[in-house]
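Below is one structure; the comments refer to it alone.
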Amino acid sequence: MTPKKKLRLAILASGSGSNLQSIIDQCQQERLDAEISLVISNNPAAGALERAKQAGINNICINHRKFDMREEFDQAVVAALKEVGAELVVLAGFMRIISDVFLQAFPQKIINIHPALLPSFPGLQVQQKAIEYGAKFSGCTVHFVDGGVDTGPIIVQAVVPVFADDCADTLSARILEQEHKIYPQAIQWFAEGRVKIEGRQVKIENSGTLKSTLINPPTR
Ligand code: GRF
């Protein structure tokens, strides 16, 4: 039997890289029909680069501080992505805003994960913001990247409860656990060719229908 063709991923990360790790793990366990062809960080001290090294994955740092303009930095990133033939660009805690140069080079091929239930709480420090607002649920969202901040079409979301005694760290940890599930799942849907964009809506072919609902605090 000829082996299945694997989707070529490039992962961009600025920080610790726990989402990157979850994707590495699932690739290694052959639970994803995907391979990571390159990890890029803009931050030389990113834990993500270390994780890529440990896993023997091609990795580079493109330090944004060495570029005068956002577009020049993005051009360098795009050149590196094209060189490895990236088919899906996965932002995993990548703390840079993407310019048109980047978006136009990979139309509908860039995805991001955000630690809130979009369109609520876009931007930064969103776990703290959800707590301060008094939200009873938060969660995470995998979405396409467009020209706005966390505004692109939504692919999948996971919901977690917010507890009365939560702080940003406890809520972040609860959300992160779900991030590590839904990001690899979304990538697998891409690998299977099941992700269809229809305007603002994203349809996952043959995904089934969720039947349950959640109430927090629980009713008797
Ligand atoms: C995650 O919470 C992700 O949702 C956000 O940045 C964080 C990255 O965490 N975009 P890690 O580097 O993957 O651990």
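Remember, it's 1-based here, ligands and their atoms both numbered in the order they're listed.
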Is a side-chain donor or acceptor of Asp166 paired with a backbone partner of Ile131 at a separation under 3.5 angstrom?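 Between the backbone of Ile131 and the side chain of Asp166 there is no qualifying donor-acceptor contact (under 3.5 Å).
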Which heavy atom of the protein is the closest neighbour of [atom], given with residue, atom name and distance?
{"atom": "atom 2 (O) of ligand 1", "value": "Glu179 OE2, 3.1 Å"}
{"atom": "atom 13 (O) of ligand 1", "value": "Asn19 N, 2.8 Å"}
{"atom": "atom 6 (O) of ligand 1", "value": "Gly93 CA, 3.5 Å"}

I'd like to know if the side chain of Asp25 pairs up with that of Gln21 as donor and acceptor (distance under 3.5 Å, no hydrogens or angles considered).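 Checked: Asp25/Gln21 side chains pair up, N/O donor to acceptor below 3.5 Å.
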Would you tell me whether Ser14 and Asn43 have side-chain atoms, one donor and one acceptor, within less than 3.5 Å of each other?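 No - no donor-acceptor pair under 3.5 Å links their side chains.
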For ligand 1, is there an N or O atom under 3.5 Å from any N or O atom of [X]?
{"X": "Gly17", "result": "yes"}
{"X": "Ser16", "result": "yes"}
{"X": "Ile113", "result": "yes"}

Out of all atoms in ligand 1, which are within 4.0 Å of some heavy atom of Ser18? Include the element for each.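 Listed by number with element, the hits are 11 (P), 12 (O), 13 (O), 14 (O).
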Find all atoms of ligand 1 within a distance of less than 4.0 Å from any non-hydrogen atom belonging to Pro115, and give their numbers and elements.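 With Pro115 as reference, the close atoms of ligand 1 come out as 2 (O), 4 (O), 5 (C).
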On the 0 to 90° scale, with breaks at 30° and 60°, tag the His143-His114 ring pair as parallel, tilted or perpendicular.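 Plane angle over 60°, so perpendicular.
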Measuring from non-hydrogen atoms of Cys140 to any atom of ligand 1, is the shortest distance under 4.0 Å?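 Judged by the 4.0 Å heavy-atom criterion, Cys140 does not count as contacting ligand 1.
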Let me check something: any side-chain donor-acceptor pairs from residues 96-110 under 3.5 Å, sequence neighbours excluded? List them with distances.
unit_1	atom_1	unit_2	atom_2	d
Arg96	NH1	His64	NE2	3.4
Ser99	OG	Asp74	OD2	2.5
Ser99	OG	Val101	N	3.4

Can you pull out every side-chain hydrogen bond (donor to acceptor under 3.5 Å, both in side chains) where at least one residue sits in residues 128-140? Sequence neighbours excluded, please.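 side-chain hydrogen bond (donor to acceptor under 3.5 Å, both in side chains) check on residues 128-140 returns Gln128-Glu132.
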Heavy atoms only: give me the nearest Ala13-Phe94 pair and the separation to one decimal.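 Between these two residues, the closest heavy atoms are N-CD1, 4.0 Å.
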